[in-house]
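Read the structure below first, then the notes.
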Amino acid sequence: MTKLYDLFIIGGGINGAGIARDASGRGFSVYLADKGKVGSATSSWSSKLIHGGLRYLENYEFKLVRQSLKEREVITKIAPNITKPLPFVIPHSKQSRSKLLIKLGLFLYDNIGGKTNIPKSSKIDLKKNYINILKPQFSFGFKYYDVQVDDKKLVEMNIENAKNLGAVIAENKKVINAKIDNDSWKILFEDKETVRAKILINASGPWINETINNVINISINKSIRLVRGSHIIVKKLYDEEVAFTLQNYDNRIVFVIPHKKDYTLIGTTEVDVDNPENPTISDSEKKYLINSVNNHFIKNITNEDIVKTYSGIRPLIEDFKEASKVTRDYIFDLNLQNKQAPLLNIYGGKLTTYRKLSEKVIEQLEPFLPIKNTRNWTHLKKL
Ligand SMILES: Cc1cc2nc3c(=O)[nH]c(=O)nc-3n(C[C@H](O)[C@H](O)[C@H](O)COP(=O)(O)OP(=O)(O)OC[C@H]3O[C@@H](n4cnc5c(N)ncnc54)[C@H](O)[C@@H]3O)c2cc1C
């Protein structure tokens with residue numbers, strides 16, 4: 001007889017991987033399929049930060065920042081080998097945010113996440129520090145801390161853990177159809193194989209609408225906005241283990257972050273796009289990032305300095321605001337067309353909040369799961 005899995009997850013990005021780990025550890029049977037390699041889409045095209053999101057405070061997203069700061073603490077503990085705290089310096093200029101606003105933001109950032117081992121923020125005299133890096137016009141700044149992560153590894157470790165706990169993980173296995181048949185989901189792959197599950201989770205990231213419209217074939221009134229973010233990588237611009245949060249003329253911020261041993265990562269941008277396939281940086285995005293560095297750093301860079309670029313697509317919840325103001329939080333859409341065969345669509349999210357998101361998924365689906373296991377555990381066990 002064909003096996004009936006408790007959960008079928010479409011997508012092995014950080015969200016799918018986190019859910020697979022959490023659910024398997026609670027004793028549920030899980031099948032996760034990705035059309036490519038796990039962790040090779042948005043989840044490896046990020047800025048590689050586990051962060052509270054200092055700038056989200058400007059959009060009054062206190063709840064998201066609080067949860068993200070708490071998760072920063074948890075993820076640093078459960079994945080110590082792939083995370084490290086990193087100081088970030090914000091050079092101040094009269095044209096950008098006022099000192100008072102930044103001070104207030106940093107005060108909240110230091111305090112709303114609760115107890116932390118990560119150092120608190122401070123003022124920094126740029127006449128004495130980083131004078132070999134920043135232009136002399138930047139005489140004053142602020143320093144705060146966030147956490148750098150190997151994003152792809154974070155996915156792979158969650159997947160590995162899920163596998164060890166009994167989950168089936170299938171790579172290069174595109175789901176082309178999912179329909180309810182005899183009160184359960186029948187999932188069809190491109191290679192014609194089928195799998196059956198009680199509950200379907202759509203964790204296909206920026207492909208969410210494509211999956212809803214072309215794979216599950218249902219109509220949903222939630223609207224998603226696809227926003228490309230690009231990074232450039234150059235040979236390292238300086239030796240110090242410090243990142244910079246640059247404030248741009250358009251009020252956006254750009255991060256300059258040490259990358260691997262010999263490189264500097266610079267990003268990111270925000271460009272609305274129509275489809276999630278093969279995101280690639282445009283010339284104007286390159287120019288934007290280069291200008292941002294050149295406006296702040298003594299050492300100027302040009303197109304020729306770019307060693308590598310990568311771009312990812314943020315699947316943001318549409319609320320008709322400027323891209324930088326659209327929430328980075330996630331929402332769930334639980335579809336109970338057939339109560340025996342629920343469907344959960346996951347919109348948005350951040351690398352930082354994947355673990356909490358996974359717990360919330362189980363909480364939401366608990367009434368439909370065969371056994372009850374409400375004890376949260378992923379914050380206690382190292383990856
Ligand atoms: C430029 C940029 C920078 C970012 N920086 C940060 C950061 O520093 N910190 C942070 O916390 N967050 C950051 N984020 C957000 C974070 O990267 C994303 O929220 C997160 O990676 C989304 O994960 P996901 O699992 O939803 O999607 P993905 O990682 O895209 O995974 C979805 C998976 O679904 C698979 N899939 C799709 N359709 C099918 C199908 N039909 N069958 C099988 N598989 C399918 C895809 O192959 C893919 O692997 C950033 C995002 C971007 C774009």
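Hydrogens, waters and symmetry mates play no part in the numbers below; they use all other heavy atoms, side chains included. Every number for a ligand or one of its atoms is a count from 1 in the order of the listing. For clarity, every value in this text was computed on a predicted model and none was experimentally measured.
Here the straight-line distance linking atom CD1 of Ile159 with atom CG of Leu154 works out to 11.0 Å at 0.5 Å rounding. The CD atom of Gln148 sits 13.5 Å away from atom OH of Tyr145, with the distance rounded to the nearest 0.5 Å. Of the inter-residue distances, the one linking Asn177 atom CG with Asn214 atom CG reads 10.5 Å to the nearest 0.5 angstrom.
The closest protein non-hydrogen atom to atom 2 (C) of ligand 1 is Trp45 O, 3.7 Å. Of the protein's non-hydrogen atoms, the one nearest atom 28 (P) of ligand 1 is Thr42 OG1, 3.5 Å. Among protein heavy atoms, atom 53 (C) of ligand 1 sits closest to Arg314 CG, 3.4 Å. The shortest contact between atom 5 (N) of ligand 1 and any protein heavy atom is with Ser47 N, 2.9 Å. Considering only non-hydrogen protein atoms, atom 31 (O) of ligand 1 sits nearest to Gly13 CA, 3.3 Å. Protein heavy atom nearest atom 16 (C) of ligand 1, with residue, atom name and distance: Leu351 N, 3.7 Å. Closest to atom 34 (O) of ligand 1 among all protein heavy atoms lies Gly11 CA, 3.2 Å. If you check which protein heavy atom lies closest to atom 9 (N) of ligand 1, you get Leu49 O, 2.7 Å.
Ligand 1 is approached by Lys173 to a heavy-atom distance shorter than 4.0 Å.
Judged by the 6.0 Å and 45° rule, Lys173 forms a cation-pi pair with Phe189. A cation-pi geometry, defined here as NZ or CZ lying under 6.0 Å from the six-membered ring centre and within 45° of its normal, holds between Lys35 and Trp207.
Taking distance alone, with nitrogen or oxygen atoms compared against 3.5 Å, Pro206 stays at or beyond that limit from ligand 1. Checking only distances, Lys35 does come within under 3.5 Å of ligand 1, N or O to N or O. Residue Lys174 has no nitrogen or oxygen atom sitting less than 3.5 Å from a nitrogen or oxygen atom of ligand 1, judged on distance alone. When only interatomic distances are considered, the shortest N/O to N/O separation between Asn15 and ligand 1 falls below 3.5 Å. For Asp34, a nitrogen or oxygen atom sits less than 3.5 Å from a nitrogen or oxygen atom of ligand 1, counting backbone and side chain alike. Residue Thr352 has at least one nitrogen or oxygen atom sitting less than 3.5 Å from a nitrogen or oxygen atom of ligand 1, judged on distance alone. Considering backbone and side-chain N/O of Ser43, one or more are found under 3.5 Å from N/O of ligand 1. For a threshold of 3.5 Å applied to N or O pairs, the pair formed by Thr268 and ligand 1 contains no separation below that value.
Residue Ala33 has at least one heavy-atom neighbour below 4.0 Å for each of these atoms of ligand 1: 43 (C), 44 (N). For ligand 1, the atoms closer than 4.0 angstrom to any heavy atom of Gly229 are 1 (C). The distance from ligand 1 to the heavy atoms of Gly349 drops below 4.0 Å at these ligand atoms: 19 (O). Counting the atoms of ligand 1 from 1 in the order shown, those under 4.0 Å from a heavy atom of Ile14 are 20 (C), 21 (O), 23 (O), 25 (O). Those atoms of ligand 1 that come under 4.0 Å of a heavy atom in Ile313, given as number and element, are 53 (C). Of all the atoms in ligand 1, the ones that sit under 4.0 Å from a non-hydrogen atom of Val175 are 40 (C), 41 (N), 42 (N), 43 (C). Below 4.0 Å from some heavy atom of Lys48 lie the following atoms of ligand 1, by number and element: 8 (O). Annotation for ligand 1: atoms under 4.0 Å from non-hydrogen atoms of His51 are 7 (C), 9 (N).
The pair Lys84-Glu241 counts as a salt bridge, with a side-chain nitrogen and a carboxylate oxygen less than 4.0 angstrom apart. A salt bridge links Arg225 with Asp272: the closest approach of a Lys/Arg side-chain nitrogen to an acidic carboxylate oxygen falls below 4.0 angstrom. Look at Lys37 and Asp34 and you find no salt bridge, because none of the NZ, NE, NH1 or NH2 atoms lies under 4.0 Å from a carboxylate O. A salt bridge does not link Glu71 with Lys350: every distance from a Lys NZ or Arg NE/NH1/NH2 to an Asp or Glu carboxylate oxygen is 4.0 Å or more.
Distances from atom 27 (O) of ligand 1 to the heavy atoms of Gly205, Gly53, Gly18, Ala17 put Gly205 nearest. Closest to atom 4 (C) of ligand 1 by heavy atom, among Pro279, Gly267, Ser46, Pro276, is Ser46.
Side-chain contact annotation: Arg228 with Ser311, donor-acceptor N/O pair under 3.5 Å absent.
Note: Phe88 and Phe255 meet the aromatic proximity criterion, with ring centroids under 6.0 Å apart.
With Tyr354 as reference, Asn15 is the one residue of Val155, Thr378, Ile50, Asn15 to meet the side chain to side chain contact (heavy atoms under 4.5 Å, CB included) rule.
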Working for ring pair (Phe, Tyr, Trp, His ring centres under 6.0 Å), residues Tyr144 and Phe142: CA-CA 7 Å; Tyr144 68 99; Phe142 297 91; 9.6 Å; no

Stepwise ring pair (Phe, Tyr, Trp, His ring centres under 6.0 Å) check, His92 with Phe138: CA-CA 6 Å; His92 177 71; Phe138 299 104; 9.0 Å; no

Audit row: Phe244, Tyr238, ring pair (Phe, Tyr, Trp, His ring centres under 6.0 Å) steps and yes/no: CA-CA 11 Å; Phe244 291 88; Tyr238 50 85; 5.4 Å; yes

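The part of Ala203 lying near ligand 1 is the backbone, judged by heavy-atom distances below 4.0 Å.
At distances below 3.5 Å, not a single donor-acceptor pair connects side-chain atoms of Ser24 with backbone N or O atoms of Asp22.
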